[in-house]
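Lettering follows sequence order; numbering is per chain, from 1.
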Amino acid sequence: LVSWNALLASYAQNGHMEQAKRTFERMPEHNLVSLNSMLVAYAQNGHFGRAKSFFDSVSASYEANTVLWNSMLAALARDGKLAEAKDMFDEIPQWNLVSWNSMLAAFAQHGDMARAKDLFDRMPEKNVVSVNAMLTGYTQNGLLENAKEMFAKLPEVNLVQCNALLASYAQAGSVENAKQVFDELPCKDLVSWNSLLAAYAVKSHLNSAKDLFDRMPQHDMVSSTTMIAAYSMAAQLEEAECLFYSGLPHRDEISWTCILGAYARNGRLTQAERIFTRQPEQNRISCGAMLAAYSLNGHSHQARSTFDYMRALYTPDDISFVSILISCSSGARVYDGRCYFTSMESDYGIRAKKQHYCCMVDLLGRGGYLEHAYELLANMPFAAD
RNA sequence: CCCCCUUGAGAUG
């Protein structure tokens, strides 16, 4: 049984879902380790829907086990379902360090640093993972002072922390800084390579990206998907398609969403729609990509129905509100726009950002409500730019 | 033999 489990785990780690599934089905017996490996295989390969149904079917017939709960909690957080993750955390019969860390990371990744800090302070035990989760939460939410303070107290810096720094430069579009951190790393792993690749992709440095992609020691799903995204950003659809259809070891939920986004971003609505209805698992990001594509191309009716569809299945986020407001603006639907704008705060607790004010001012201005537009500008909680 | 931190997918007139 132990060797079967080891085999299963190694397929799971390398993203060979079919093999993992076949191994799981062929095993003479299952224990908690096998169940958990299968659950993690689904979650880490982007099959969030399948992970959830697997967990539900398993937890109906097995004793509650902290490792299974922890894996499912992490999967929910990775899929952006913070509220569900929190509910699940509260249901866990017995917590351990990993449960605390998972919940902490979920808060931090969703920008809720207040709750993250609160949890961090109350955790009965902590380790380097807990500290790293806090650190990256700070850097990704622009709380650099807090991050520095915490960094200063570290006895030594490890590769995960360096990679996190590299990634935060990449996300901020500071290619130079990212490159410098990368070059100075004494040893690099795949995450380091992938992060630098992402830095190039974000800034549409297609040649550097391509060059790096060809030079890196290995590729995994992350590398290839990043490269597809780089082609998409640079409007090289044929290259993106080529890599997606014939350069991937397999296709997961994220790579499907990536190619959908490539079509959507480049105005190929029909192809995007086809992927959307055909992809094995839709998710809130593929929905968001469709919504954005409709908005930006002036299909306000489809935008609205996609928004409703999305709202029924997932919790809309700030980005989906930007899209729907844009579509109201181009369809001159001032009243609808105001409804969405107020509903965003009151029904979903999403605080309006600059982008939302920008959309609203645009909407009001175009609709001839200039004085309302000025009033909104004067009362928003930001300096106008 | 399995679970937690760092890298890939959506918008911005």
Side-chain angles (χ1 to χ4, degrees), chain A residues 1-10 12 31-40 43 46 65-75 77 96-106 108-109 127-137 158-168 170-171 189-199 201 220-230 232 252-262 264-265 283-293 295-296 317-326 329-330 354-356 358-359 362:
Chain A
L1 181 59
V2 170
S3 357
W4 281 99
N5 282 340
L7 183 64
L8 175 59
S10 92
N31 63 6
L32 281 167
V33 174
S34 353
L35 295 172
N36 191 54
S37 297
M38 202 54 219
L39 175 59
V40 170
N65 175 275
T66 303
V67 172
L68 284 177
W69 286 92
N70 289 346
S71 303
M72 195 60 229
L73 171 58
N96 63 17
L97 178 58
V98 174
S99 333
W100 295 103
N101 282 342
S102 303
M103 195 64 236
L104 175 64
Q109 281 159 8
N127 62 7
V128 65
V129 173
S130 338
V131 173
N132 289 351
M134 286 301 292
L135 270 176
T136 57
N158 66 23
L159 181 58
V160 169
Q161 287 152 354
C162 293
N163 283 340
L165 181 65
L166 168 48
S168 66
Q171 282 154 12
D189 64 5
L190 238 194
V191 173
S192 328
W193 287 91
N194 287 341
S195 300
L196 184 60
L197 184 63
D220 64 359
M221 284 298 290
V222 175
S223 335
S224 304
T225 310
T226 306
M227 198 57 226
I228 294 174
S232 161
D252 67 8
E253 201 170 325
I254 297 185
S255 53
W256 278 104
T257 307
C258 187
I259 196 71
L260 185 158
R265 155 181 284 278
N283 55 57
R284 72 182 211 296
I285 296 188
S286 49
C287 258
M290 287 310 302
L291 169 59
S295 296
L296 296 173
D317 60 11
D318 55 334
I319 296 180
S320 52
F321 276 101
V322 171
S323 298
I324 196 69
L325 290 175
I326 289 172
S329 190
S330 60
K354 278 192 189 172
Q355 293 101 319
H356 302 107
C358 200
C359 294
D362 185 54

Q.
Counting the atoms with a prime plus P, OP1 and OP2 as sugar-phosphate, which does A/Asn283 contact under 4.0 Å by heavy atoms, base, sugar-phosphate, or nothing?
A. base

Q: Mind checking A/Leu73 for me? I need base, sugar-phosphate or nothing, with any heavy atom below 4.0 Å counting as a touch.
A: nothing

Q. Which comes earlier along RNA chain B counting from the 5' end, the contact point of A/Val67 or that of A/Gly46, where each point is its nearest nucleotide?
A. A/Val67

Q. Is A/Asp252 touching bases, backbone alone, or none of the nucleic acid, heavy atoms closer than 4.0 Å?
A. base

Q: Would you indicate what A/Met134 reaches in the nucleic acid, counting non-hydrogen atoms under 4.0 angstrom: base, sugar-phosphate, or nothing?
A: nothing

Q: Give one of base, sugar-phosphate or nothing for A/Thr257, where a contact means two heavy atoms less than 4.0 Å apart.
A: base

Q: Identify the heavy atoms of A/Trp69 and A/Asn65 that sit nearest to each other, and give their distance.
A: CD1-O, 2.9 Å

Q.
Heavy atoms only, 4.0 Å cut-off, all strands: where does A/Asp317 land among base, sugar-phosphate and nothing?
A. base

(Q) Run the side chain to side chain donor-acceptor pair (under 3.5 Å) test against A/Thr257 and tell me which residues pass, sequence neighbours left out. (A) A/Asn283

Q. How is A/Thr225 classified with respect to the nucleic acid when contacts are heavy atoms under 4.0 Å: base, sugar-phosphate, or nothing?
A. base

Q | Inter-residue atom distance A/Ser295.OG - A/Ile326.CD1, 0.5 Å rounding | A | 6.5 Å

Q | Listed partners of A/Ser168 passing side chain to side chain donor-acceptor pair (under 3.5 Å), at least two apart | A | none

Q.
What's the separation between atom CG in A/Leu97 and atom CG in A/Asn127, rounded to the nearest 0.5 Å?
A. 4.5 Å

Q: Measure across A/Ser99 and A/Leu73 and return the closest heavy-atom pair with its distance rounded to 0.1 Å.
A: O-CD2, 4.0 Å

Q | chain A contact limits on RNA chain B, taken 5' to 3' with a cut-off of 4.0 angstrom to heavy atoms | A | B/C1 to B/G13

Q. Contact class for A/Leu296 vs. all strands (heavy atom < 4.0 Å): base, sugar-phosphate, or nothing?
A. sugar-phosphate

Q. At under 4.0 Å between heavy atoms, what does A/Val322 touch on the DNA or RNA strands: base, sugar-phosphate, or nothing?
A. base

